[in-house]
Amino acid sequence: MTNAKEEVGKPFPKEEELNQKLERLSELNALLNMDEREDTETEQSESKEKEERPARGSIHEKLQIYKEKSQRESETGKETRKRDFGLE
């Protein structure tokens, strides 16, 4: 029980590494999207009658949304756990 109380308050040990990897992923997505934009411009110049493809969300954006949602759920869970352990 004591160990669990200590673990609840600890930060994620690899958060800095995760943020670095997410930044790199964002850079790579930007490069990939750049190629996609060039392709789209070429297609549009060849045929203006084609409909534009819907923009895809980047993996980084999806991960960011997931991370924010997880943090909110984690904070809610921490509050619940603190109440359960009698820390609040």
Spacing of CE belonging to Met1 relative to NZ belonging to Lys5, to within rounding of 0.5 Å: 5.5 Å

Contacts of Glu7 that satisfy salt bridge (charged side-chain N to carboxylate O under 4.0 Å, His left out) - sequence neighbours left out: Lys10

Asn29: side-chain hydrogen bond (donor to acceptor under 3.5 Å, both in side chains) partners, not counting sequence neighbours: none

Salt bridge (charged side-chain N to carboxylate O under 4.0 Å, His left out) against Glu23, all qualifying residues, sequence neighbours excluded: none

Test item: Thr2 and Glu6 side chains (from C-beta on) under 4.5 Å apart, heavy atoms: yes

Straight-line distance of Leu25 CG to Leu18 CG, nearest 0.5 Å: 10.0 Å

Which residues share a side-chain hydrogen bond (donor to acceptor under 3.5 Å, both in side chains) with Lys21, sequence neighbours left out: none

Contacts of type side-chain contact (heavy atoms from CB on, under 4.5 Å), residue Gln20, not counting sequence neighbours: Glu16

Which residues share a side-chain contact (heavy atoms from CB on, under 4.5 Å) with Ile65, sequence neighbours left out: none

More than 12 heavy atoms of other groups within 6.0 Å of Phe12 CZ: yes

Distance-only polar pair, side chains of Asn19 and Lys67, donor-acceptor under 3.5 Å: yes

